[in-house]
**Q** 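First, the structure itself, so that you have it in front of you.
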Amino acid sequence: MPTSSATPSSQSAATTASSIDLSKRDLTLDLARVFCVLLVVVIHLLFIGVGFSADGQLVISRPLELQPWFAAATWFGQIMPLFFVVGGFASITAWRSSVRRGGTAADYVKARVLRLAQPTLPLFIFYVVVIGAATIIGIDPALLGSVVMGAGSPLWFVAAYVLCQAFVPVMVRFHTRAAVPTLVVLLVGVIVVDAVQFSTAIPVLGYFNMFFVWLLVQQIGFWYADGWFARRRWWQLVLIPIVCYAALVPIVFLGPYDTNMLTNLNPPTLPLVLLALAQACLLRLLRPALAKLMSTRGARAVVFLAGSRLMTIYLWHLPIIIMIAGVALLIPGASPEPASPAWWWSRILVYLIVLAALFALSFLVGRWEQPRELGPTPPIVVVAVAAVLTFVPAFLVTVLFLQLWLAILGAGMFSVAILLLGRWPQRWGGSETVTARDAATTPGRTPRPTAETR
């Protein structure tokens with residue numbers, strides 16, 4: 001996903017968007033990707049309630065989760081499966097393009113791991129500094145723990161996505177040779193892991209489904225790219241989601257799964273697969289309307305502007321929300337009691353402030369999202385080691401929650417992974433230099449559409 005070397009204004013983004021060849025790119029997928037991330041920001045903003053009660057007491061709560069309609073809303077608001085479907089489409093497209101240019105599996109995985117590791121490293125370093133400083137000055141450990149636990153929660157995505165990207169070359173081969181059996185095997189794996197997790201009452205066993213669930217959802221994206229959903233009639237695209245949501249009812253209300261689809265996210269479970277299939281159908285069903293929207297200059301400008309900063313928005317939105325909430329406590333009248341009418345209405349302004357802060361932050365950390373001239377691709381074993389180094393800290397944060405030692409571990413491991421992949425000496429063996437142009441399209445960011453990156 002290439003971006004410009006300088007951060008454009010909205011006007012320049014619109015100009016760029018309207019001047020490039022969009023004829024061979026499905027911009028509805030870029031729109032879906034941006035929508036998913038911006039909706040995540042909204043949900044997390046409504047999750048964090050920090051303010052003062054009528055008697056002046058500090059109140060910390062989760063207002064959105066306390067609403068009686070919240071669990072039902074997550075059946076439609078849990079959109080991360082859609083993000084992985086779109087990512088699967090982009091992955092198989094980029095892999096096939098790389099193969100046509102003579103690229104290898106090592107080339108592909110190297111570029112993808114770097115595009116996840118580079119923007120995440122500054123976040124780990126930030127947490128080392130902040131958590132370390134807070135510990136040294138004696139911030140209440142319970143308060144600090146609750147804050148950093150939430151702040152580190154988005155890192156599950158880095159673990160899941162790097163795992164999916166590392167297996168793209170293999171999974172595309174399976175998809176090409178045995179598309180249906182591959183789905184069946186992964187689905188059986190999902191069901192078996194869920195059965196073991198719930199029968200043993202050991203939730204950590206469910207994290208084996210980070211492999212089976214997300215690779216299965218990614219495979220749905222492969223099918224989307226190959227036109228399976230495009231060949232379905234409109235009534236089929238309506239019927240399949242109805243069946244998926246109908247299937248959720250018994251497995252949730254009679255089975256072991258939670259009615260809250262956010263709870264079913266970590267560890268990932270079978271309901272996410274049903275949501276992924278339903279959301280893929282709905283995306284295809286809405287494609288004509290979304291394509292019409294993306295034919296406008298304004299929509300393209302917004303999508304390209306946000307898409308070029310998508311990892312920055314996703315990784316940094318929670319720290320920004322928490323910092324803004326802390327600053328608001330110092331401003332009289334700026335922190336209404338959470339869940340009060342004033343608090344709900346204030347979220348509109350706070351959301352805009354969060355987006356503005358993220359845009360400003362992108363000037364500082366957004367450079368880590370930029371495609372760069374890459375050195376020689378290391379041997380596949382080294383690339384695999386780098387992928388593991390990227391996966392492990394993010395996965396541990398997912399399971400154990402963010403702590404100072406994990407932030408230090410993440411900063412160290414991500415640094416080593418980036419050095420291994422980005423600065424591998426030619427004399428130590430490896431393939432030819434891979435340029436940023438070759439490593440262009442990456443899920444999680446919106447590329448500048450060209451015929452080559454399509």
**Q** Give a yes or no on whether the backbone of V399 and the side-chain of Y207 come within a donor-acceptor separation of less than 3.5 Å.
**A** no
**Q** How long is the straight-line distance from CZ of F89 back to CZ of F229, given to the nearest 0.5 Å?
**A** 12.0 Å
**Q** What's the separation between atom CZ in F70 and atom CZ in R62, rounded to the nearest 0.5 Å?
**A** 8.0 Å
**Q** Using ring centroids (six-membered ring only for Trp), state whether F83 and F35 fall under 6.0 Å.
**A** no
**Q** Looking at L82, V85, L31, which one forms a side-chain contact (heavy atoms from CB on, under 4.5 Å) with L283?
**A** L82
**Q** Are D30 and R33 ion-paired here, with the side-chain N under 4.0 Å from a carboxylate O?
**A** yes
**Q** Go through the side-chain N and O atoms of T312 and E369 and say whether any donor and acceptor fall under 3.5 Å apart.
**A** yes
**Q** Anything under 30° is parallel, anything over 60° is perpendicular, the rest tilted; go ahead and classify F157 against Y161.
**A** tilted
**Q** Can we say D107 and R101 salt-bridge, meaning some charged N sits less than 4.0 Å from an Asp/Glu carboxylate O?
**A** no
**Q** Tell me, do L318 and P154 make a side-chain contact under 4.5 Å, heavy atoms counted?
**A** yes
**Q** Decide if atom CH2 of W69 counts as having more than 12 heavy atoms of other residues, nucleotides or ligands within a radius under 6.0 Å.
**A** yes
**Q** Under 3.5 Å, side chain of Q118 to main-chain N/O of R115, donor-acceptor pair present?
**A** no
**Q** If I compare all heavy atoms of L64 with all of I43, which pair ends up nearest, and what's the gap?
**A** CD2-O, 3.8 Å
**Q** Does R112 use its side chain to pair, donor to acceptor, with the backbone of A166 at less than 3.5 Å?
**A** no
**Q** Is the shortest heavy-atom distance from the side chain of W234 to the side chain of R284 under 4.5 Å?
**A** no
**Q** With a 6.0 Å cut-off on ring centres, are W316 and F126 close enough?
**A** yes
**Q** Tell me whether Y351 at atom OH has more than 12 heavy atoms from other residues, nucleotides or ligands lying less than 6.0 Å away.
**A** yes
**Q** After noting the C-alpha distance and the side-chain angles of V273 and L277, does the key distance pass the side chain to side chain contact (heavy atoms under 4.5 Å, CB included) rule?
**A** CA-CA 6 Å; V273 178; L277 181 56; 5.9 Å; no
**Q** Minimum heavy-atom separation for C36 and I79, please, with both atom names.
**A** O-CD1, 3.4 Å
**Q** Drop me the distance from T269's OG1 to M261's CE, to the nearest 0.5 angstrom.
**A** 7.5 Å
**Q** Could you pull out all residues at least two apart from R173 that satisfy salt bridge (charged side-chain N to carboxylate O under 4.0 Å, His left out)?
**A** none
**Q** On the 0 to 90° scale, with breaks at 30° and 60°, tag the F395-F391 ring pair as parallel, tilted or perpendicular.
**A** parallel
**Q** So for atom CZ, which belongs to F208, do other residues, nucleotides or ligands contribute more than 12 heavy atoms lying within a distance under 6.0 Å?
**A** no
**Q** With no hydrogens and no angle check, just 3.5 Å: does a side-chain donor-acceptor pair link Y108 and Q165?
**A** yes
**Q** In residues 237-260, what donor-acceptor pairs under 3.5 Å come from side-chain atoms, sequence neighbours left out?
**A**
residue, atom, partner, partner atom, Å
Y245, OH, W75, O, 3.0
Y257, OH, D194, OD2, 2.6
D258, OD1, N260, N, 2.7
N260, OD1, L262, N, 2.8
N260, ND2, T263, OG1, 3.4

**Q** Keeping the roles fixed (side chain from H317, backbone from Y314), state whether a donor-acceptor pair exists under 3.5 Å.
**A** yes
**Q** Just to verify, which of L361, V40, V354, V41 counts as forming a side-chain contact (heavy atoms from CB on, under 4.5 Å) with I313?
**A** V41
**Q** Carefully, step by step, assess R96 and D226 under the rule salt bridge (charged side-chain N to carboxylate O under 4.0 Å, His left out).
**A** CA-CA 12 Å; R96 288 168 173 170; D226 283 348; 2.8 Å; yes
**Q** The test is side chain to side chain contact (heavy atoms under 4.5 Å, CB included); show your working for T182 and M171 and say whether it passes.
**A** CA-CA 8 Å; T182 299; M171 299 312 296; 3.8 Å; yes
**Q** Atom CG in L116, atom CG in L121: separation rounded to 0.5 Å?
**A** 13.0 Å
**Q** Should R287 and D26 count as an ion pair when the cut-off is N to O under 4.0 Å?
**A** yes
**Q** Whether the side chain of T398 engages the backbone of A394 through a donor-acceptor N/O pair (distance < 3.5 Å, no angle test) should be reported.
**A** yes
**Q** So, taking the atom named CG in L155 and the one named CG in L396, what distance separates them when rounded to the nearest 0.5 Å?
**A** 11.0 Å
**Q** R232: what forms a salt bridge (charged side-chain N to carboxylate O under 4.0 Å, His left out) with it, not counting sequence neighbours?
**A** none
**Q** Checking I202 against Q197 for the side chain to side chain contact (heavy atoms under 4.5 Å, CB included) test, could you report, in this order, the C-alpha distance in whole Å, the side-chain angles of both residues, the deciding distance, and whether it holds?
**A** CA-CA 6 Å; I202 305 177; Q197 174 199 175; over 6 Å; no
**Q** How many angstroms lie between atom CG of L315 and atom CD1 of I320, to the nearest 0.5 angstrom?
**A** 12.0 Å
**Q** Within the structure provided, determine whether P119 and V365 are in side-chain contact (heavy-atom separation under 4.5 Å).
**A** no
